[in-house]
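We use all heavy atoms of the structure for the numbers below, so side chains are in, but hydrogens, waters and symmetry mates are not.
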Amino acid sequence: MNSRPAAIELRNLTLGYDKHPAVHHVSLTIAPGALVAIVGPNGAGKSTLIKALAGQLRPLQGALDGLRGQRIAYLPQQAGMDRSFPVSVQDMVAMGLWHEVGALGRFSAAQMQRCREALAQVGLAGFEKRALDTLSGGQFQRTLFARLMLQDAPVVLLDEPFAAVDARTQADLVALLHRWHQAGKTVIAVLHDLPQVRDHFPLTMMIARELVAWGPTAEVLTDEHWQRAQAMHEAFDEQAPVCRSDEISPGVFR
C-alpha cells in the first residue's frame, strides 16, 4: 500500500525549451489526494506543465517541490505513442509492474494474474494476447489505464487521457479516476472538455502561459477567466527572453 502523497508546491515556476519560456511564474499548492484538471487554450503550456510535474522537464526558474522520490504514473498523449511495436496487450500492461521486478526481472504467475485482473477491470478481459496495433483508440487507452493501475503510484499525471476515445470509454475511465481519488491518490489531468471538467473535477488550474485562475472548478471556469486566458495566450511572444526573478534561480525539481 502506498503512503499518502505529499503536497505539490509550484513556486515561481517557469518552464520552457531552449531557454525560451513557455509557462511563466506559476505559484500554487496542490494538496495531497487532490483531483485536478489543467485547462487552457491550445498551445497554452498545459502539456509542458504536466511534463515538468512528471520530471521530464527541468524548470528554467523557480521550484517544483513534493514530487522527488515519489513514484509517479504518467500517461502522455496517445497521439504521440507508437503502437506498431510488436507487443501483446498483456505484455504492455505488465510493464506497470516494473517497479516490483526491475527491467530484467521475470513476472510471477501471481503478477500475470494481476495483469489479467487489471484488464478485466477496464473491460478488456480476453484481450491479453491481442497485438496493440489491432486495438481501437478506446481499447488502447483502456490498456494504458490498466498499466497505470498496476503502477499503483500515489501520483497520477494524465495528458489528454480522453482524447479520440468513444463516450463509453470516457465514462468508464472517468469512473476509474474517481476510484483513484477516493483511494487517496493525487490525480492531475490535462483536459479540453470543459463540461467534463465541471462534472467530474473539483479543482481546476487554468493557464495561458501564465496562471489565469486556480481553485474550485465552479470559480475557475467562468467566461471572464476564459476570455482573459484567450487574450493572454494571443499576446504571448514566442521570442521573449528568459524571465528573471530574484526568488529562486536556477530552477529545481525536488
Nearest 0.5 Å, what's the CG-CD distance between Leu13 and Gln61?
10.0 Å
Is the backbone of Val89 close enough, under 3.5 Å, to the side chain of Arg130 for a donor and an acceptor to pair up by distance?
no
Are the side chains of Phe145 and Arg142 in contact, using a 4.5 Å heavy-atom criterion?
no
With heavy-atom distances below 4.5 Å as the criterion, would you say the side chains of Tyr17 and Leu57 are in contact?
yes
Is there a donor-acceptor pair closer than 3.5 Å between any side-chain N or O of Gln111 and the backbone N or O of Ala109?
no
Looking only at side-chain N and O atoms, does Gln141 offer a donor or acceptor that is under 3.5 Å from a partner on Thr169?
no
State, with a plain yes or no, whether a side-chain heavy atom of Leu49 is found less than 4.5 Å away from one of Lys46.
no
Heavy atoms, side chains only, cut-off 4.5 Å: are Val174 and Phe201 in contact?
no
Any Val122 side-chain heavy atom under 4.5 Å of Asp172 side chain:
no
One should read off an interatomic distance between Leu10 CG and Leu53 CG, to the nearest 0.5 angstrom, of 6.0 Å
Take atom CG in Asp223; do more than 12 heavy atoms of anything else shown fall under 6.0 Å from it?
no
Ignoring hydrogens and geometry beyond distance, is a side-chain donor-acceptor pair present between Gln182 and Arg179 at under 3.5 Å?
no
Can you tell me how far CG of Asn42 sits from CD of Gln230, rounded to the nearest 0.5 angstrom?
8.5 Å
Heavy-atom distance under 4.5 Å between the side chains of Trp226 and Met206, does that happen here?
yes
For Pro216, does its backbone N or O pair with a side-chain atom of Glu219 as donor and acceptor, under 3.5 Å?
no
Heavy-atom closest pair (Leu194 atom, Leu221 atom, distance to 0.1 Å) is O-CD1, 4.0 Å
Sub-4.5 Å side-chain heavy-atom contact between Pro161 and Leu191
yes
Presence of salt bridge, Lys185 and Asp152, under 4.0 angstrom:
yes
Of all heavy-atom pairs linking Pro41 and Ala208, the shortest is CD-CB, 4.2 Å
Here the pair of heavy atoms bringing Cys115 nearest to Leu150 is SG-CD1, 3.6 Å
Within a strict 4.5 Å, meaning less than it, do heavy atoms of the Met232 and Arg209 side chains meet?
no
On a heavy-atom basis, which atom in Ala7 and which in Pro32 lie closest, and how many Å separate them?
N-CG, 3.6 Å
Any side-chain donor near an acceptor of the partner, Gln151 and His99, under 3.5 Å
no
Do the side chain of His225 and the main chain of Val220 share a donor and acceptor less than 3.5 angstrom apart?
yes
Treating Thr217 as the side-chain partner and Pro202 as the backbone partner, does any N or O pair qualify as donor plus acceptor under 3.5 Å?
yes
Please report the closest heavy-atom contact between Arg11 and Asp65, naming both atoms and the distance.
NH2-OD2, 3.0 Å
What's the shortest heavy-atom distance between Asp193 and Pro195, and which atoms?
OD1-CD, 3.0 Å
Once rounded to the nearest 0.5 Å, what's the spacing between atom CG of Leu211 and atom NE2 of His25?
12.5 Å
Main-chain N/O of Gly33 paired with Thr186 side-chain donor or acceptor, under 3.5 Å:
yes
Roughly how far, to the nearest 0.5 Å, is NE2 of His24 from CG of Leu60?
9.0 Å
Donor-acceptor pair, distance only, cut-off 3.5 Å: does the side chain of Arg228 make one with the backbone of Val212?
yes
